[in-house]
Number of protein chains: 2
Amino acid sequence: MERYKVVIIGSGNVATHLAQAIDRHHHVVQIYSRNIAQATSLADKLSDSRPTADLSDIDPEADIYIISVSDDAIPSVAEALTKIKGIIVHTSGSVGLDSLNNIGKHIGVFYPLQTFSKTTEVNISEVPFFLEASDEPTMHTLENFANTLSGKVYYADSDRRQVLHTAAVFASNFFNYLLDISTELLEEKGYSLDVLAPLIKATAIKALNNGAYTSQTGPAVRGDIATILKHLESLDSNKKEIYRLLSQSIIDRHKIHKEI
Amino acid sequence: MERYKVVIIGSGNVATHLAQAIDRHHHVVQIYSRNIAQATSLADKLSDSRPTADLSDIDPEADIYIISVSDDAIPSVAEALTKIKGIIVHTSGSVGLDSLNNIGKHIGVFYPLQTFSKTTEVNISEVPFFLEASDEPTMHTLENFANTLSGKVYYADSDRRQVLHTAAVFASNFFNYLLDISTELLEEKGYSLDVLAPLIKATAIKALNNGAYTSQTGPAVRGDIATILKHLESLDSNKKEIYRLLSQSIIDRHKIHKEI
């Protein structure tokens, strides 16, 4: 297995989890962050890594440069990397490959489809990575590299990656928001979200095993307007609007031909 | 441990899972269903149970009668049970205890907060049961009985049970619908929902461990309007409406002070 020299640009959640996973198989030579304390804190977690807060100080001899900063900051960081000969990738689900067009010959996208936070362990070997590259040799290197980290490596051009990201917003960000709403409702009555844990788990497993369409249950897919109206009555304006829209959408999706 | 004589009225998903779990510790003397084939099929799965499709044939000597039929059918079934001396309960999240008022002295609600389907195994011992009863001795019996099935037995009056059911609609039915939307988006590009499985799992674990409010990630909570607009552009009218409403709700919930 080839051992790549890698520079990580960024020190947020994605950068931190990636850097630590990469460090197990490769050499993370440098960590860049605008904030030198954060760069140092992350570098200190790795076997042999130099922190910097100066973009002009980026090591020009690495094989792969991973830009893992907020989407807005990608262009300004990329500008500073024009002299780099190695492969330059970003990790964003919603930024095109063309955002790196001007900075190098060998560019790519290295998108891990997972939610990362500082406090939660992530098993990188189960995280799907979606790759895109400017040319065949670059794709070949990125594939080799990704396969050392994860068993799930896929190809996605910028258009497909945006769809993946959009689907992830529904299945993760919006899902989490539904749990936030549930928590508010439960806590008003002295319960915690824990009482729903077995239900949430079973719902995810059923949808993944049998398909979400056929797994749909609840008042909307039963066309049980009486229960829907009772629930709507008990909800405040924002939750009511969400409940109504999602219920009517389920009714329409399953061709129940009813109106709330 | 007392061994109760139980009659199950219904042969749907909830009735089936309950009957099989109860059969391990108690005597399910009878299964009623309007459809004798279904009553027979369920009774055949139990150790010693008689099927019937005739409400006037219900065994009057059991300890507990569990009405597990659709909400609409509860009143008509209940009417036929007026001569029963045992405890009569229903299993609905959204029907009040008072729906059983006229049929007996000892009535209750026995609400399992889980999604049941014929094809998926459910570990009943982890399912939270929410109980309500007309009187103290009835509650005592129902508690004893529920504790033989599950380690998670709670009390909920009809008002609290409706809130539980509403919260469950958000965390399960609507969650499943979001996965349905994600599946549609992914399949258009040749992916399956499986690519989101690690993300969905991590999202649920984070929300349950750290709280959903603090676990919120994504374009909305980042106030990343550019990404939101890109996603909206790519969605059809119904998905667009849902994406917009949920994103704006997250923005407002986290006081980001932006408008989509």
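Because the structure is predicted, anything quoted here is derived from the model rather than measured. Convention: sequence-line order gives letters A, B, ...; per-chain numbering from 1.
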Item checked: Pairs satisfying ring pair (Phe, Tyr, Trp, His ring centres under 6.0 Å), at least one member in residues 190-221 of chain A, at least two apart -> A/Tyr191-B/Phe130, A/Tyr213-A/His254
Next item on the list: With sequence neighbours excluded, tell me which residues meet side chain to side chain contact (heavy atoms under 4.5 Å, CB included) with B/Val14.
Entry: B/Leu18, B/Ser68, B/Thr91, B/Pro112, B/Phe116
Item checked: All side chain to side chain contact (heavy atoms under 4.5 Å, CB included) counterparts of A/Ser99, not counting sequence neighbours -> A/Ile74, A/His90, A/Val95
Next item on the list: Check each atom of B/Ile205 against the heavy atoms of chain A and say whether the ones under 4.5 Å are side chain, backbone, both or neither.
Entry: neither
Notebook entry, point to check: So which part of A/Asn176 gets closer than 4.5 Å to some heavy atom of chain B, the side chain, the backbone, both or neither?
Noted result: both
Checklist line | Residue B/Leu245 versus chain A: region with a heavy atom under 4.5 Å | finding: side chain
Notebook entry, point to check: With only heavy atoms counted, which part of B/Ala226 is less than 4.5 Å from chain A, the side chain, the backbone, both or neither?
Noted result: neither
Item checked: Residue B/Thr115 versus chain A: region with a heavy atom under 4.5 Å -> both
Notebook entry, point to check: Checking heavy atoms, do the side chain of B/Leu193, its backbone, both or neither come under 4.5 Å from chain A?
Noted result: both
Item checked: Structural part of B/Asn238 lying under 4.5 Å from a heavy atom of chain A -> side chain
Notebook entry, point to check: So which part of B/Glu184 gets closer than 4.5 Å to some heavy atom of chain A, the side chain, the backbone, both or neither?
Noted result: side chain
Notebook entry, point to check: With only heavy atoms counted, which part of B/Lys189 is less than 4.5 Å from chain A, the side chain, the backbone, both or neither?
Noted result: both
Checklist line | chain B neighbours within residues 194-201 of chain A, where any heavy atom lies under 4.5 Å away | finding: A/Asp194, A/Val195, A/Leu196, A/Ala197, A/Pro198, A/Leu199, A/Ile200
Item checked: Side chain, backbone, both or neither of A/Asn210 within contact of chain B (heavy atoms, under 4.5 Å) -> side chain
Notebook entry, point to check: Which atoms of B/Asn209 come close to chain A, meaning under 4.5 Å heavy atom to heavy atom: side chain ones, backbone ones, both, or neither?
Noted result: neither
